[in-house]
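What follows is a single structure, written as structure tokens, with notes after it.
What you are looking at is a predicted structure, and each value in this text was computed from that prediction instead of being measured. Chain letters run A, B, ... following the sequence lines, proteins first, then strands; residues in each count from 1.
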Protein chains: 2
Amino acid sequence: MKITIKDVAKAAGVSPSTVSRALHDNPRISEEMRKQIKKIAQEMQFHPNQMARSLVSRRSRIIGVVFPGEVGESMNHSFYPSVLQGLGHVAGARRYHMLLGTGAEGDSIAEAVHQLSDSGYAEGLIVLAAEAVPAAHTAGLPVVTLGHPANAENGYYVDNDNVAAGQAATRYLLERGHKRVALLGYDPQFMVTADRRKGYQQALEQAGLPCREADVVPIRYLENTTDEGKLRSLFERPDRPTGVVCMDDAQAIALCHMLVDMGLSVPGDVSLISFNDTPAGRLNNPPLTSINVDPYQLGQKAMELIIRLVKHPETPPTGLTIPFAIMERDSVRTL
Amino acid sequence: MKITIKDVAKAAGVSPSTVSRALHDNPRISEEMRKQIKKIAQEMQFHPNQMARSLVSRRSRIIGVVFPGEVGESMNHSFYPSVLQGLGHVAGARRYHMLLGTGAEGDSIAEAVHQLSDSGYAEGLIVLAAEAVPAAHTAGLPVVTLGHPANAENGYYVDNDNVAAGQAATRYLLERGHKRVALLGYDPQFMVTADRRKGYQQALEQAGLPCREADVVPIRYLENTTDEGKLRSLFERPDRPTGVVCMDDAQAIALCHMLVDMGLSVPGDVSLISFNDTPAGRLNNPPLTSINVDPYQLGQKAMELIIRLVKHPETPPTGLTIPFAIMERDSVRTL
DNA sequence: CGGAGATGTGCAAACGTTTGTGCTTTTGAT
DNA sequence: ATCAAAAGCACAAACGTTTGCACATCTCCG
């Protein structure tokens, strides 16, 4: 039998309302009464029933979190786990909880969003993919997006400056004497890669170099064995790219294997710079020079923003940008 | 303004109780009335308030999930993301939700557990580490452990048969002619590695081979640069191990690099078999022969078990064991 | 000494559901 | 036609809190 506020009230010889106020540090309760009550509550191991509390206060201290696509899959990127850690730490510190948006197997992200918002538990939503924002907005809850939503002006989001990062990565190679650099892993479906591509092009233009269509290679060239030939042929030509910026460490690693297989050396013949600075990238031979996008901080900021938002719904639309850093390792050679 | 059951009742010209029963398919409501009410509720976009519902029904459809140590860190293992996926899929299918146990930065796992159970939201707990079980039990909630808890007899858990897996891995090498095989990554702190070691020894004994203390190398030999020397020296001796079973793909990859660095080839000079069958292991050169422990299924079973448990608390203690599979690839040579 | 203002506490309503009980109407058997 | 049982529904209490309001006591000033 759970003990209630009434039990505490009885034990303390006061009314439930007094107990409630004392526990909330309401100034209308005298100092000593408050201490007294708190002590008794402690001894009785009283834990207020959240359901009842939330029912009347209309606050749950719960933030819904929805992951893109198949949760586990995206998690493997090692990007989301860090985000999750960031989210968790500030949630924990502010005594908030995270409710995971899950769907049954094969459910779309929109379904996960609905399951979450229909549940009625969450006060706000954090959506880890700009793609799901439309679904999220119909929920009638405050939403913070991780990543640049389509109409950024009237939304809340935290993101890396992906175009700046794409530009920086490209420039990093150009500054080291590379005249032809390719871009690997472009996928128009995802804003992230689209933005990085934009930065890539800007860097090229600023250096007065042409941006050849053939040099930006779509993600499927890596995943799809029938298309792999096209990728290989790119590096078989005498005027092959001497540098590649890859959208992710995993892609860089795969490319690395392919190049070695072709008899080319990294960074001897071709230099690689990639994104996400993963453990796997650090373990690669050679260790990858990679752009650290600080997913942990991304998570922290997102949680801070959503908490501010549920407390003050009138907060004006806010977009936060997290700085990135180039982790210099051994996959780039200066020509 | 949220719409309530009363609004629906008014619109349908019946009492709230009738609406409630109709929505719950209570047989005391006539077929046509039920349809009628459901249609109206649909049109009005009525979503019952979970707080109120949970308050009286004393069910929240929320399962607390707590991860070991620093969430993000453990996630990188790529093991937990898959577990999470499994958990999520069955939770979603049964219309349950997962509440994440988070603590502030630096909080222990026990604190995370308490934060979760004190919240009063969760009906049951899934603990992804046998280590946290004691803390979890004081919570007064049903608990399912992922991994073998210390006193397995009176607990609920799902786990791999780690000793069998350790035995199988070792035997796999022995059957291929290896006479001296080492065990890498032993850490007495963790039951998993302890169990696998047990299996390793059994396999050795059954083959009539000695189990040398020097051949089971602790995890820190890999992580700690000062101890790495000891690891190297093991492979510098003429009677070096020709096979190694590693506790995790990541360790195998690191070892692989070290061996190559020493001028030894994998699997030419030394064969490697490891656990967890990760993407990184598949990408390694050579692709790792690894034991797949099916974390996805682990997650599924755990969620199924906890849901059964919260519905029928009198369920007798249950221990589930998930089968494993050896994924044969190219890191083992037959002598 | 009377009353105004503080100060501390209790009462009861409200939050939005679920559910036991009892009331009315219909049905079918006699 | 009469009555019992069944069917369909409404009433109201309950779940455990929070909070506006009223009430009681105490202090202090004129």
Legend entry - Short side-chain donor-acceptor distance under 3.5 Å, B:S54 and B:Y121: no

Inset, instruction - Return yes if a side-chain donor-acceptor contact under 3.5 Å exists between B:T18 and B:S15, otherwise no. - result: yes

Are any of [X]'s side-chain N or O atoms less than 4.0 Å away from OP1 or OP2 of [N]?
X: A:S30; N: C:dT9; value: yes
X: B:R59; N: C:dT18; value: no
X: A:R34; N: C:dG8; value: no

Legend entry - Proximity to DNA chain C (any heavy atom under 4.0 Å), residues of residues 10-24 of chain A only: A:G13, A:V14, A:S15, A:S17, A:T18, A:R21

Legend entry - Strand contacts (DNA chain C) in residues 41-52 of chain A, 4.0 angstrom heavy-atom criterion: none

Inset, instruction - Establish whether the base of D:dG20 is bridged to the side chain of A:R28 by a donor-acceptor pair shorter than 3.5 Å. - result: no

Would you say that [X] contacts [Y] through its side chain, given a criterion of any heavy-atom pair below 4.5 Å between the two side chains?
X: A:I63; Y: A:M303; value: yes
X: B:P142; Y: B:L125; value: no
X: B:D25; Y: B:R34; value: yes

Rounded interatomic separation in angstrom, taking [atom1] from [X] and [atom2] from [N]:
X: A:L55; N: C:dC15; atom1: CG; atom2: P; result: 9 Å
X: A:R61; N: D:dT17; atom1: CZ; atom2: C1'; result: 16 Å
X: B:D25; N: C:dT18; atom1: CG; atom2: P; result: 12 Å
X: B:I5; N: C:dG16; atom1: CD1; atom2: P; result: 12 Å
X: B:D7; N: C:dG16; atom1: CG; atom2: P; result: 9 Å
X: A:R58; N: D:dT17; atom1: CZ; atom2: P; result: 18 Å
X: B:K6; N: C:dC15; atom1: NZ; atom2: P; result: 7 Å
X: A:I3; N: D:dG16; atom1: CD1; atom2: C1'; result: 12 Å

Inset, instruction - For atom CZ of B:R95, decide whether the heavy atoms of other residues, nucleotides or ligands shown that lie under 6.0 angstrom number more than 12. - result: no

Legend entry - Flag if over 12 foreign heavy atoms under 6.0 Å of CD, A:E43: yes

Legend entry - Short N-O contact, A:E123 and A:R61, less than 4.0 angstrom: no

Inset, instruction - Identify the heavy atoms of B:A91 and B:M98 that sit nearest to each other, and give their distance. - result: CB-CG, 4.2 Å

Inset, instruction - For A:I29 and for B:T4, find the nucleotide of DNA chain C with the closest heavy atom, then tell me which residue's nucleotide is more 5'. - result: A:I29

Inset, instruction - Go through B:K301 and B:D159 one step at a time and tell me if the salt bridge (Lys or Arg N to Asp or Glu O under 4.0 Å) criterion holds. - result: CA-CA 9 Å; B:K301 297 294 185 194; B:D159 197 8; over 6 Å; no

Inset, instruction - Please figure out whether B:E31 or A:R53 has its closest DNA chain D nucleotide nearer the 5' end. - result: B:E31

Legend entry - Earlier contact from the 5' end, DNA chain D, for A:V56 and B:M33: B:M33

